[in-house]
Amino acid sequence: MESNVKIEESWKAALAAEFSSPYMADLKRFLVEEKSNGKQIFPKGPEYFRALDLTPLDKVRVVILGQDPYHGEGQAHGLSFSVKPGVRSPPSLVNIYKELQSDLGIAPARHGFLEHWARQGVLLLNSVLTVERAMAASHQGKGWEKFTDAIIRAVNEQEHPVVFILWGSYAQKKAAFVDQSRHLVIRSPHPSPLSAHNGFFGSKPFSKANDFLVSKELKPIDWALPVNPEIQV
């Protein structure tokens, strides 16, 4: 799969064994077959590993773990919870912005493009990296979960401390092996409208993450997004 999909060099090295594994060969065949059958896959092929491209392994300071890419037209672009400029922010992201304002006083962005976070070391990782249009969870169980487990293991093994922000039971189970003696794990309900009022609101993940980073003499994240989503500072 790495032959025709862009991926940043540090990740390519760390995940070399995964790319050469039988399950990844099976996953590639599945995706090729789906496309040959006329199915529309999100995000586009060059964006499968966008989260890794923007956030090299040794630069990861925070991991925000999602589940599946958005399955609506023009939404997914390879970063969990993020949508492309000009696309309406989905309900979970609206709630993330509400908590960000409550936590740090940062007014909600008028867009949902989160590359500014990714470029600072926030790994916006989905557990499954592709989805069929209008078919939520359609690519679960095809191999992506093994691949993203390897990504989380690689981050967990980094020498520098990292913050893992785990929203909802799915993310919390997936990253249950993270070494909490070295890394900070922040758990809360998912920001979905179905669960946000059960403890997501008021959980203060952004200030907690920055407080931890500062305590380890690491640079905090600037969570305020640019007014113009096309300009990534």
Side-chain angles (χ1 to χ4, degrees), residues 8 10-11 14-15 50-68 78-82 92-93 95-106 108-109 114-129 145 147-192 195-225 233:
E8 192 270 335
S10 67
W11 285 111
L15 300 171
R50 185 64 174 157
L52 305 183
D53 283 337
L54 290 175
T55 314
L57 176 56
D58 64 341
K59 304 297 185 186
V60 175
R61 288 184 284 157
V62 178
V63 177
I64 297 180
L65 186 60
Q67 192 163 348
D68 290 277
L79 304 182
S80 63
F81 296 102
S82 181
S92 290
L93 184 54
N95 285 339
I96 290 169
Y97 286 168
K98 287 179 180 177
E99 178 59 21
L100 181 59
Q101 183 170 28
S102 172
D103 186 4
L104 293 177
I106 296 172
L114 305 181
E115 276 200 5
H116 178 61
W117 294 358
R119 292 180 185 277
Q120 297 178 75
V122 181
L123 182 62
L124 296 167
L125 180 68
N126 278 317
S127 173
V128 176
L129 301 188
E145 292 91 344
F147 182 74
T148 52
D149 281 351
I151 292 173
I152 296 169
R153 283 197 301 272
V155 176
N156 182 55
E157 291 166 4
Q158 291 297 291
E159 291 184 4
H160 66 273
V162 175
V163 180
F164 290 81
I165 298 178
L166 307 178
W167 290 328
S169 58
Y170 183 93
Q172 290 163 24
K173 289 174 184 175
K174 185 173 179 66
F177 61 84
V178 169
D179 182 357
Q180 295 183 62
S181 69
R182 293 188 300 120
H183 306 302
L184 176 65
V185 177
I186 299 172
R187 299 180 180 85
S188 81
H190 196 276
S192 161
S195 56
H197 288 280
N198 294 331
F200 172 76
F201 290 132
S203 60
K204 300 185 181 297
F206 307 102
S207 61
K208 288 177 181 176
N210 277 355
D211 289 348
F212 176 80
L213 292 172
V214 170
S215 76
K216 301 298 182 181
E217 300 183 342
L218 298 170
K219 186 178 179 181
I221 303 298
D222 172 20
W223 295 105
L225 294 163
V233 180

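As a basis for the values below, the full set of heavy atoms in this structure was taken, side chains included, without hydrogen atoms, waters or symmetry mates. Throughout, numbering of the chain's residues begins at 1 and tracks the sequence. These numbers come from a predicted model, not from an experiment.
- Counting only distance, with no hydrogens or angles, the side chain of His183 and the backbone of Asn156 share a donor-acceptor pair below 3.5 Å.
- Panel note: side chain Arg187, backbone Ala171; no donor-acceptor pair is recorded below 3.5 Å.
- Of all the heavy atoms in Ser207 and Leu104, the pair that sits closest is CB-CD2, 3.7 Å.
- Within the 4.5 Å cutoff, no side-chain heavy atoms of Ser82 are placed close to those of Glu115.
- In this structure the side chain of Val128 reaches within 4.5 angstrom of the side chain of Glu145, judged on heavy atoms.
- A donor-acceptor pair is defined here as one N or O able to donate and one able to accept, closer than 3.5 Å; such a pair exists between the side chain of Gln172 and the backbone of Ser188.
- Heavy atoms only, all atoms of each residue included: Leu52 and Glu8 are closest at O-CB, 3.6 Å.
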Under the criterion side-chain contact (heavy atoms from CB on, under 4.5 Å), I'd like the reasoning laid out for Val162 against Leu123: C-alpha separation, chi angles, the key distance, then a yes or no. CA-CA 10 Å; Val162 175; Leu123 182 62; over 6 Å; no
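- Shortest non-hydrogen contact noted between Ser92 and Ser192 is OG-CA, 3.3 Å.
- Nearest heavy atom pair, residue Ala209 against residue Ile165, reads CB-CD1, 4.5 Å.
- From Arg50, atom CZ reaches atom CG of Leu124 across 11.5 Å, with rounding to the nearest 0.5 Å.
- A distance-only check finds a donor-acceptor pair linking the side chain of Asn95 to the backbone of Pro191 [under 3.5 Å].
- If you check the side chains of Lys174 and Thr148, you find a donor sitting under 3.5 Å from an acceptor.
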Do Asn126 and Asp68 pass the side-chain contact (heavy atoms from CB on, under 4.5 Å) test, and can you show the C-alpha distance, the side-chain angles, and the key distance before you say yes or no? CA-CA 6 Å; Asn126 278 317; Asp68 290 277; 5.8 Å; no
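- Here the CH2 atom belonging to Trp223 is positioned 10.0 Å from the CD1 atom belonging to Ile96, to the nearest 0.5 angstrom.
- Looking at residues two or more places apart in sequence or on another chain, you find a salt bridge (charged side-chain N to carboxylate O under 4.0 Å, His left out) between Asp53 and Lys6.
- A side-chain donor-acceptor contact under 3.5 Å links Asp222 to the backbone of Ala224.
- Aromatic ring centres of His160 and Phe212 lie farther apart than the 6.0 Å criterion allows.
- Separation of atoms CG (Leu100) and CG (Leu225) is listed at 7.5 Å; rounding is to 0.5 Å.
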Passes side-chain contact (heavy atoms from CB on, under 4.5 Å), Lys204 versus Glu99? Steps please. CA-CA 7 Å; Lys204 300 185 181 297; Glu99 178 59 21; 4.1 Å; yes
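- A donor-acceptor contact shorter than 3.5 Å is absent between the side chain of Ser195 and the backbone of Pro189.
- Distance check: Arg119 CZ to Leu114 CG gives 12.5 Å after rounding to the nearest 0.5 Å.
- Under a 3.5 Å cut-off, the side chain of Ser80 and the backbone N or O of Leu65 do not form any donor-acceptor pair.
- Nearest approach of Lys208 to Ser203, heavy atoms of both residues: NZ-O, 3.0 Å.
- The CZ atom of Phe147 lies 11.5 Å from the CD1 atom of Ile152; values are rounded to the nearest 0.5 Å.
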side-chain contact (heavy atoms from CB on, under 4.5 Å), that's the test. Do Phe177 and Arg153 meet it? Break it down for me. CA-CA 8 Å; Phe177 61 84; Arg153 283 197 301 272; 3.5 Å; yes
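- Looking only at side-chain heavy atoms (C-beta outward), Val62 and Leu213 come within less than 4.5 Å of each other.
- Taking the six-membered ring where tryptophan is involved, the planes of Trp167 and Phe206 are perpendicular, since the angle between them exceeds 60° and thus also 30°.
- Across Val63, Leu166, Val163, a single residue satisfies side-chain contact (heavy atoms from CB on, under 4.5 Å) together with Val185, and that is Leu166.
- Heavy-atom minimum distance, Leu57 versus Ala14: CD2-CB, 3.8 Å.
- Rounding to the nearest 0.5 angstrom, the gap separating the CD atom in Gln120 from the CG atom in Leu54 is 11.5 Å.
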